[in-house]
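Note sheet for the following structure.
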Amino acid sequence: MSDVTFPAGRSFDFTAIGRLCVDLNANEINRPMEETMSFTKYVGGSPANITIGMSRLGLRTAFIGKIADDAMGRFITGYLEKNGIDTANVVTDKTGAVTGLAFTEIKSPTDCSILMYRDNAADLKLSPSEVNEELIAGSSVLLISGTALAASPSREAVFLALDYARKHGTTVVFDIDYRPYTWKSAEETAVYYNLAAEKCDIIIGTREEFDMMERFEPNPERSDLFTAAKWFNYSTGIVIIKHGKEGSIAYTRDGAEHRAKSYPAKVVKTFGAGDSYAAGFLYGILSGWSIERSMEYGSAAACIVISSHSCSDAMPTAEQVDTYIERCNRGEITAN
Ligand SMILES: Nc1ncnc2c1ncn2[C@@H]1O[C@H](COP(=O)(O)OP(=O)(O)OP(=O)(O)O)[C@@H](O)[C@H]1O
Ligand SMILES: O=C(O)C[C@@H](O)[C@H](O)C(=O)CO
């Protein structure tokens, strides 16, 4: 069990607010974007991917977001609904905004990048009046994702959602999800990320993402413990710092440190690791597991996604994660 608790008796286990987009993942693996000719379309956007992951793991999920009034927007809602995610709070933009697109380039399993088309993106048009207080009050967990803080009115919508969560005792998870291209300046980014983090119970990010947040409070040694300690002065109970293939470290308010190694994987591409890790970890702690077991579950879920072509569509079921862990323990899976 952890220092963070989850309210019982709610209609939904998990609700996320933020970006709903489309990923166009290169079919030609090991080629630069200039030479890539065909792509497969998937639902994307980090909070969308995490919610799909939670739903596949068997939790009751809902989403608060905004889609474009076009075929891409309808593709997104259709896919969420097929995956059992409540979309009553996914609203359709009426101003001509478009669906954000992420074209992925897979040059090698370790050299992947994302080319984003996000001018006038519908997800950033979500306004405070479109955030449903009842839904947040009826969810055990609210997940916010940092990119939604990049512009108004989505920024204010997220801060209002945070207020509703605090008012109703809904546990808040912050996935830092830092995408520099969405922001105007590094200073603006650090200020808003820090303001939001103060209101969250669980904070998950990579070392590089926490470095960005520490712009005004330097941490020259890049110490994970220093990073985590600050947040225990607020309402935070768990801080997780991810280190890619090197694994992850969690600190809890009681001063304990918890470490998870990564599992071996035949990596196709690295993106999507963080989203599947978050889904696996949150599923574990919502199930009352220890922090270590939850982190291991997240690490195994991440391996399944990075060994696949997509992020959202590859999100595993609990049976798939259990099988992956058993196969690793039997030495049947090795890294590429
Ligand atoms: N090459 C890898 N092999 C095995 N596991 C990995 C690898 N890369 C990442 N992971 C697993 O995924 C977890 C999260 O990865 P990472 O730290 O790269 O997050 P991230 O940067 O948020 O991911 P993303 O690339 O999706 O943005 C790690 O803690 C680890 O368990
Ligand atoms: O988060 C995005 O907008 C793009 C994702 O769907 C993408 O596939 C990714 O980067 C996953 O972390």
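Owing to the predicted nature of the structure, the values given are computational and were not obtained by experimental measurement. Order of appearance sets the numbers: ligands from 1, and atoms from 1 within every ligand. Hydrogens, waters and symmetry mates play no part in the numbers below; they use all other heavy atoms, side chains included.
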Provide, to 0.1 Å, the distance between [atom] and the closest protein heavy atom, together with that atom's residue and name.
{"atom": "atom 5 (C) of ligand 2", "result": "D23 OD1, 3.5 Å"}
{"atom": "atom 17 (O) of ligand 1", "result": "G244 N, 2.7 Å"}
{"atom": "atom 11 (C) of ligand 2", "result": "D275 OD2, 3.2 Å"}
{"atom": "atom 1 (O) of ligand 2", "result": "R19 NH2, 2.5 Å"}

Quick check: [X] and ligand 1, any N/O pair under 3.5 Å apart?
{"X": "V267", "answer": "no"}
{"X": "K261", "answer": "no"}
{"X": "A265", "answer": "no"}

Indicate, with yes or no, if the rings of Y79 and Y42 have centres closer together than 6.0 Å.
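No; Y42 has its ring centre 6.0 Å or more from that of Y79.
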Working for salt bridge (Lys or Arg N to Asp or Glu O under 4.0 Å), residues E246 and R259:
CA-CA 10 Å; E246 305 311 311; R259 286 178 184 263; over 6 Å; no
If the plane angle is over 60° it's perpendicular, under 30° parallel, otherwise tilted; pick one for F103 and F39.
perpendicular
Is the F281 ring parallel, tilted or perpendicular to the Y277 ring (thresholds 30°, 60°)?
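Ring orientation, 0 to 90° scale: parallel.
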Which of the numbered atoms in ligand 1 are below 4.0 angstrom from a heavy atom of [X]?
{"X": "Y263", "value": "4 (C), 5 (N)"}
{"X": "G274", "value": "19 (O), 20 (P), 22 (O), 23 (O), 24 (P), 26 (O)"}
{"X": "C303", "value": "4 (C), 5 (N)"}
{"X": "K242", "value": "14 (C), 17 (O), 19 (O), 20 (P), 22 (O)"}
{"X": "H243", "value": "17 (O)"}
{"X": "F271", "value": "25 (O), 26 (O)"}

Answer with side chain, backbone, both or neither: which part of [X] has a heavy atom less than 4.0 angstrom from an atom of ligand 1?
{"X": "T206", "result": "side chain"}
{"X": "I306", "result": "side chain"}
{"X": "A302", "result": "side chain"}

Quick one: which of A121, C21, G45 has a heavy atom closest to atom 6 (O) of ligand 2?
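Checking each option, the heavy atom nearest atom 6 (O) of ligand 2 is found in G45.
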Could you verify whether a donor N or O on one side chain and an acceptor N or O on the other, from D13 and S140, lie under 3.5 Å apart?
no
Distance only, no hydrogens: is a donor on one side chain within 3.5 Å (strictly under) of an acceptor on the other, for S185 and E188?
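There is no such pair (donor and acceptor under 3.5 Å, judged by atom type) between the side chains of S185 and E188.
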Side chain, backbone, both or neither: which applies to I114 and ligand 2 if a contact is any heavy-atom pair less than 4.0 Å apart?
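Answer for I114: side chain.
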Which part of N49 is near ligand 2, with near meaning a heavy atom under 4.0 Å away: side chain, backbone, both or neither?
side chain
Could you tell me whether K245 atom NZ has more than 12 heavy atoms of other residues or ligands within 6.0 Å of it?
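Counting other residues, nucleotides and ligands, NZ of K245 stays at 12 neighbours or fewer.
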Answer yes or no: is there an ion pair linking D111 with K269, defined by an N-O contact shorter than 4.0 Å?
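Here D111 does not pair with K269 in a salt bridge, since their nearest N and O are not under 4.0 Å apart.
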Do you see a protein non-hydrogen atom under 4.0 Å from atom 27 (O) of ligand 1?
no
Side chain to side chain, N120 and K125, heavy atoms closer than 4.5 Å
yes
Does K199 make a cation-pi contact with Y234 (under 6.0 Å, within 45 degrees of the axis)?
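No cation-pi geometry.
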Apply the test salt bridge (Lys or Arg N to Asp or Glu O under 4.0 Å) to residues K242 and D224: give CA-CA distance (whole Å), side-chain angles for both, the deciding distance (0.1 Å), then the verdict.
CA-CA 10 Å; K242 299 174 287 179; D224 289 341; over 6 Å; no
